[in-house]
Amino acid sequence: MRRLIAIMFLVAALAMLLTACNDDEPEPTATATTAPVSVEGGGLPADALEVANARGLTPQDIRAALKTYVPSGKMDEYYLFTSGGQSGSVIVIGVPSMRILKNIAVFTPESWQGYGYGEVGSEAVLDGGNVDGTKIRMGDTHHPALSETNGDYDGQWLFINDKASARVAVVDLRDFETKQIVKDPNLISNHGSAFVPPNTEYVIQSSQYGTPLGWEYAPISEYKEKYRGLITMYKFDREKGRIDLENSFSIEIPPYWQDLCDAGKLVSDGWAFCNSFNTELATGGVESGNPPFEAGVSQRDMDYMHIFNWKKAAEVAEQAGKTEVMNGMRVIRIPTAVEEGILFLAPEPKSPHGVDVTPDGKYLTVAGKLDPHVTIYSFDKIMKAIEGGNWTKDEFGIPVLDFDEVMLTQVELGLGPLHTQYDGQGNAYTSLFLDSAIAKWSLGGEDPAGYKLLEKLPVQYNVGHIAAAEGDTVSPDGQYLVALNKWSVDRFLSVGPLKPQNEQLLDIGSDTMSVIYDMPMGIGEPHYAQMIKADKIKAWEVYPETGWDPIAQAPSEFATLAGEERIERDGNNVTIFMTSIRSHLTPEHVTLNQGDNVTWHITNIETAPDATHGFDLGGQNLSLSIEPGETATFQFVAEHDGTYAYYCTEFCSALHLEMMGYMFVEP
Ligand code: K7E
Ligand code: CUA
């Protein structure tokens with residue numbers, strides 16, 4: 001009975017709260033039953049309690065449900081962009097509902113979007129990431145980075161790395177499609193990517209596993225001499241919306257197995273920071289009686305944070321004789337980086353994973369996964385230590401700053417600290433992988449005593465990254481935090497041995513944290529995510545003009561309007577200009593000769609939002625998704641004679657099944 005009263009009280013209180021914050025919502029347009037609930041008006045359904053009891057919901061469950069339920073027709077407050085790991089994609093989720101809005105194919109073909117299934121534009125994007133001519137159609141996406149202006153997400157671009165083959169991709173947030181993939185010509189794997197400085201001048205990437213530059217062959221016995229890491233600063237051209245490889249450059253670094261990076265902001269803008277976890281230079285070989293990597297790389301109590309001045313490096317890269325060009329990329333070698341004061345190291349305990357700059361840019365949190373503490377560094381102290389010159393050198397000649405000179409304090413949080421986010425109210429949140437918990441702790445500014453563990457909340461289970469609302473900006477929102485849990489174990493209906501990940505939504509807007517939603521992520525392994533206010537994204541409803549090339553984001557030279565449909569033949573080169581509109585494809589008959597080279601353009605001449613038409617042609621490895629206004633192109637050689645049906649793959653209208661045609665290939 002007491003529980004019943006508690007539930008009743010809570011439902012009533014929340015109903016009041018709901019009406020209070022819904023003042024600015026538009027008036028409901030449907031029937032009277034859609035009016036907002038109010039306690040006075042008795043708008044609460046009479047059976048609400050009955051439902052809660054029948055489903056065994058606790059007051060906390062009800063609160064969580066009310067916090068996350070987004071009614072039909074209402075919108076989420078935030079977009080969450082999570083990487084899809086080895087699915088090679090980025091997954092877009094609405095917060096707080098945790099509804100999946102879209103899977104953006106990036107490094108891997110995806111037939112629903114018509115990405116990489118014969119459409120010339122997207123094939124070219126994927127081919128941009130080929131490695132030595134090998135088509136790579138797998139990607140391991142880890143860290144999405146939203147473009148920033150003055151340290152704030154601006155909602156224009158999204159960058160994402162591929163750890164497996166050291167590539168970075170650019171997604172345009174006007175249409176949520178991948179526009180470019182670039183390959184680092186000197187690296188074969190990356191990890192500290194993608195990160196951007198406050199004005200997105202560059203996209204930052206650091207290596208993970210040391211390899212000889214250009215991944216040339218060198219025996220592992222020459223690890224120290226020949227193997228290296230790299231920081232690559234990919235120049236981003238906002239005007240073009242593309243990474244400009246010509247104006248990009250790299251900085252050579254030791255083969256320390258760099259991990260995560262973060263860019264400075266405000267006071268620390270111009271600098272960036274990357275962790276490392278194999279300063280032992282372990283080379284493995286467990287099969288020959290050597291210590292295995294996991295032991296070899298974990299011997300030292302301290303590893304090195306790489307501290308680099310990318311602004312100065314960009315100037316140095318422009319000067320004659322300061323770089324070496326390797327496979328077309330300018331590289332600042334270690335001696336030059338040291339001489340120019342670009343590169344420093346600072347000790348950090350012990351095999352760290354994340355480094356995260358505070359919103360004010362003044363402090364850095366390093367989480368050592370084999371150390372129960374987080375270590376807080378002061379940027380001011382780092383600058384003073386650099387000026388002071390009281391440093392030793394590592395075996396590659398790079399200055400190593402004195403730990404006590406740069407470290408501000410350490411906070412003991414628990415086991416396996418990995419990644420940290422901030423809420424803009426002076427709190428930090430760190431994921432504890434081994435504890436399966438989130439630790440909330442306070443930032444103390446210059447006062448070491450102000451850094452304190454406040455609260456720990458269990459999550460399910462093995463949490464990796466966490467993402468707070470606007471978490472990497474100079475002014476985070478707090479309010480929500482998503483825990484990207486690697487294991488879901490017992491949280492969902494079983495779907496066999498491969499289980500989904502668990503993205504748990506936490507309410508961090510109240511005094512104590514609570515889990516308010518469990519979202520199974522069954523289409524990829526999210527590593528990192530970023531959460532942006534929904535109103536910052538200005539996505540197009542339809543393409544701006546009929547006959548649009550979405551890769552160039554400009555009118556297509558192959559645009560075909562109604563009445564302009566035709567088939568042109570020049571010898572055995574045949575070009576088809578087709579239109580699609582509910583509910584017909586024009587032309588409906590295409591007659592070819594066996595052996596013809598065929599170029600086929602289709603323009604979706606619809607102007608209504610959501611009026612997408614797909615296209616498939618039996619016998620070809622083809623799938624197009626042609627959005628309203630888009631012109632898509634595919635090419636093939638008509639090798640086999642026969643009669644083929646082509647059709648619209650998207651159920652677009654009542655007469656969608658009639659939206660087809662025949663292709664005749666005459667022998
Ligand atoms: Cu999975 Cu940032 Cu690649 Cu940590 S990373 S968990
Ligand atoms: Cu167009 Cu179905």
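For ligands, and for the atoms within them, numbers begin at 1 and follow the listed sequence.
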Next on the checklist: For F558, is there any backbone N or O sitting under 3.5 Å from a side-chain donor or acceptor partner on T560?
Outcome noted: yes
Give the numbers and elements of all ligand 1 atoms closer than 4.0 Å to a heavy atom of [X].
X: K486; result: 1 (Cu), 6 (S)
X: G464; result: 6 (S)
X: H143; result: 2 (Cu), 3 (Cu), 5 (S)
X: H191; result: 2 (Cu), 3 (Cu), 5 (S)

Next on the checklist: Tell me whether atom 1 (Cu) of ligand 1 has H527 as a neighbour, meaning an N, O or S atom of it below 2.8 Å.
Outcome noted: yes
Item to check | Nearest heavy atoms of G464 and L418, plus distance in Å | outcome: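 Minimum heavy-atom contact is CA-CD1, 3.9 Å.
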Next on the checklist: side chain to side chain donor-acceptor pair (under 3.5 Å), that's the test. Do H527 and S83 meet it? Break it down for me.
Outcome noted: CA-CA 6 Å; H527 286 263; S83 64; 5.8 Å; no
Checklist entry - Hey, is L484 touching ligand 1 through its side chain, its backbone, both or neither, going by heavy atoms under 4.0 Å? => result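 None of L484 does.
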Checklist entry - Is any N, O or S atom of H419 under 2.8 Å away from atom 4 (Cu) of ligand 1? => result yes
Checklist entry - Taking the six-membered ring for Trp, are W257 and F293 parallel (under 30°), tilted (30 to 60°) or perpendicular (over 60°)? => result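 Aromatic pair W257/F293 classed tilted.
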Item to check | Contact check, K163 vs ligand 1, heavy-atom distance below 4.0 Å | outcome: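 No; K163 lies far enough from ligand 1 that no heavy-atom distance drops under 4.0 Å.
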Checklist entry - Are more than 12 heavy atoms from other residues, nucleotides or ligands located less than 6.0 Å from atom CZ of F664? => result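 Check passes, neighbour count above 12.
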Next on the checklist: Checking a contact table here: which protein heavy atom is nearest atom 4 (Cu) of ligand 1, and how many Å away?
Outcome noted: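 Among all protein heavy atoms, the one nearest atom 4 (Cu) of ligand 1 is H353 NE2, 2.1 Å.
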Next on the checklist: Does K350 qualify as a cation-pi partner of F277, given the criterion of NZ or CZ under 6.0 Å from the six-membered ring centre and within 45 degrees of its axis?
Outcome noted: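 No cation-pi geometry.
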Next on the checklist: Which residue is it: T603, N604, T579, D549? I am looking for the one with a side-chain hydrogen bond (donor to acceptor under 3.5 Å, both in side chains) to T631.
Outcome noted: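 Filter result, single survivor: T603.
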